[in-house]
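Each residue takes its place number in the sequence, starting with 1. One-based numbering, in listed order, for ligands and for the atoms of each. Hydrogens, waters and symmetry mates are skipped; everything else that's a heavy atom, side chains included, is used.
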Amino acid sequence: MTDVIPAPVRVQRAPEENFPIDSATAIVPAKSPDAEHAADLLRDTLRRSTGFELPATDRGQVIELRVDDELPAQGYRLEVTRTRITLSGADRAGLLNGVQTLLQLLPPEVVAGKRPQGELVVAGGTITDHPRYAYRGTMLDVARHFFDADTVKRHIDRIARYKINYLHLHLADDQGWRIAIRKWPKLTTVGGRTQVDGGKGGWFSRREYSSIVRYAQRRGVTIVPEIDMPGHTQAALAAYPQLSCDGRPRRPYTGTQVGFSTLCVTKQETYRFVQDVISELAELTPGPYLHIGGDEAQSTKPAEYRTFMRKVLPMVLRAGKKPVGWHEYAQVDLPKEAVVQYWRIERADDATAAAARAGNKVLMSPADKSYIDMKYFESDSRGNKWAGPVSVQTAYDWDPAGYLKGVDDSAVLGVEAPLWTELVETEEDIERQAFPRIAAVAEVGWTPQSRRDWNDFRQRLAQHGPRLKAQGVAFHPSPDVPW
Ligand code: TNX
């Protein structure tokens with residue numbers, strides 16, 4: 001109970017009250033779709049590993065799941081006694097968070113779907129828990145290198161274990177367009193056929209993309225789709241040259257420079273295009289957010305950039321979504337729903353601070369703390385280096401509320417760890433860059449600052465080594481952790 005990551009708000013141990021799980025254990029949800037949903041996920045996981053039936057009959061050793069709307073949003077209470085486990089959740093998210101905690105109280109084999117050695121016992125006591133921030137996310141760049149739907153789903157399983165509840169997918173960049181758009185088919189058939197270093201690239205059909213969205217939803221993870229605009233658009237221009245001002249043919253780019261491409265901000269056709277893309281993407285998105293990029297538009301004149309954003313932001317609102325953008329877009333007056341994602345390493349940004357003052361929420365992704373594409377250490381042979389290195393301790397030891405001048409805790413929506421993939425080519429590379437830093441980011445976003453301590457975290461993280469190993473996660477065995 002004391003090794004849970006992210007660390008819960010409150011843990012009271014009751015060593016006499018350990019609860020055994022065996023072939024006579026039942027999983028009993030209250031009559032509520034949320035409780036039933038969480039119960040299914042728990043039952044599936046336990047069944048796969050133990051082979052126990054775990055029926056929903058309320059007798060004997062019972063794991064009960066129910067909604068308690070007095071609990072804080074996304075929060076849960078897990079009470080373990082000798083004869084009964086009661087998991088109460090504020091809502092569906094709270095119940096799923098409680099399930100993840102319960103799974104962490106079981107041996108590593110369970111989440112790996114393998115038969116556990118010895119008896120299965122849940123430690124007795126009570127955990128009362130809720131997140132510091134509503135948004136705890138990570139981003140995967142499927143544009144620089146493409147990763148297929150199954151790879152993304154496996155990644156979702158691994159991040160959900162640490163109560164990460166948003167996965168932002170960077171779906172288009174100079175090197176590739178990765179989501180099928182019905183009205184503009186060449187985006188993928190022309191714009192999706194390569195990647196960094198000229199590999200074959202790829203893209204998600206609408207059906208594949210929706211299957212990722214549903215898979216994530218079932219595990220409490222909301223997908224945030226991003227189309228980066230007006231820069232980072234070489235792949236779109238290769239597919240439709242009329243979207244550039246000169247109209248000249250281009251090829252999708254296979255290098256790693258940034259800042260050279262832009263949609264033509266003065267053409268009507270550009271806005272027809274953007275409107276279609278936003279409408280179709282919104283249709284595929286049950287979540288509240290749609291990300292429109294807006295970073296590093298070095299080939300767009302500042303006045304034209306502002307014109308572009310002023311036209312595009314309302315399109316997102318009209319499609320029923322809240323816009324998210326990289327913090328450069330805070331140069332325009334944002335609608336109140338718009339979220340600003342801060343990604344630089346400077347401790348002050350006037351436009352972001354002004355947006356926060358105006359009531360906009362800020363998503364914290366400072367590159368020197370949360371960029372998991374960075375090297376872990378100076379001589380690391382893998383990873384980007386412009387903001388790094390980002391060690392496990394660096395990723396852990398900071399406070400999102402104190403980082404940016406003029407952006408206090410009440411303006412912070414949460415934290416997100418982006419994984420850019422210029423140098424990430426395989427699933428193993430994803431795992432190595434993400435783990436264990438994702439666990440650190442998850443705790444930054446979840447646990448009250450007053451309960452966070454690096455020395456305590458590294459001890460707990462060490463206990464997760466066997467857990468990650470059992471699941472086959474190729475994590476980086478960082479030397480600052482006593483594995
Ligand atoms: C900056 S962060 C970028 C990306 C790169 C990344 C590499 C941001 C909004 N833009 O285009 O992939 O650095 O770390």
Asp157 and Arg219: side chain to side chain contact (heavy atoms under 4.5 Å, CB included), yes or no, with the steps? CA-CA 8 Å; Asp157 272 324; Arg219 286 152 184 81; 2.8 Å; yes

Say whether Gln341 and ligand 1 are in contact under the criterion: heavy-atom distance to a ligand atom below 4.0 Å. no

Donor-acceptor pair, side chain of Asp129 and main chain of Val9, under 3.5 angstrom: yes

Minimum side-chain heavy-atom gap Tyr289-Leu413 below 4.5 Å: yes

So which heavy atom in the protein is nearest atom 11 (O) of ligand 1, and how far is it from that ligand atom? Arg144 NH2, 2.9 Å

If we set the cut-off at 4.0 Å for heavy atoms, which region of Asp141 has an atom near ligand 1: side chain, backbone, both, or neither? neither

Aromatic centroids of Phe475 and Trp483 separated by under 6.0 Å: yes

Partner of Pro323 under side chain to side chain contact (heavy atoms under 4.5 Å, CB included), chosen from Leu317, Ile278, Val312, Leu290: Leu317

Using a strict 4.0 Å cut-off to heavy atoms of Asp373, name the atoms of ligand 1 that fall inside it. 7 (C), 14 (O)

When only distance counts, is Asp173 in polar contact with ligand 1, meaning an N/O pair under 3.5 Å? no

With heavy-atom distances below 4.0 Å as the criterion, list the atoms of ligand 1 near Met374. 14 (O)

How far is atom 13 (O) of ligand 1 from its nearest protein heavy atom, and which residue and atom name does that atom have? Trp386 NE1, 3.3 Å

Sub-4.0 Å atoms of ligand 1 with respect to non-hydrogen atoms of Glu422: 5 (C), 7 (C), 12 (O)

Measure centre to centre between the rings of Phe435 and His464, then say whether the value is under 6.0 Å. no

Here the atoms of ligand 1 under 4.0 Å from any heavy atom belonging to Tyr371 are 2 (S), 8 (C), 14 (O)

I'd like to check which ligand 1 atoms, numbered from 1 as shown, lie under 4.0 Å from a non-hydrogen atom of Asn384. 7 (C), 14 (O)

Using distance alone, decide if ligand 1 has a nitrogen or oxygen within less than 3.5 Å of any nitrogen or oxygen in Trp343. no

Side-chain contact test, heavy atoms from C-beta onward, threshold under 4.5 Å: evaluate it for Val152 versus Tyr215 and give yes or no. no

Would you check whether Trp420 has a nitrogen or oxygen atom less than 3.5 angstrom from a nitrogen or oxygen atom of ligand 1? no

Got an N/O contact under 3.5 Å between Trp326 and ligand 1? no

Give a yes or no on whether the ring-centroid distance for Trp203 and Phe146 is below 6.0 angstrom. no

How far is atom 8 (C) of ligand 1 from the closest protein heavy atom, and which atom is that? Asp295 OD2, 3.3 Å

With a 4.5 Å cut-off on side-chain heavy atoms, are Glu427 and Phe147 touching? no

Closest candidate by heavy atom, reference atom 1 (C) of ligand 1, pool Glu296, Met139, His170: Glu296

If I take atom CZ from residue Arg306 and atom OG1 from residue Thr300, how far apart are they, to the nearest 0.5 angstrom? 12.0 Å

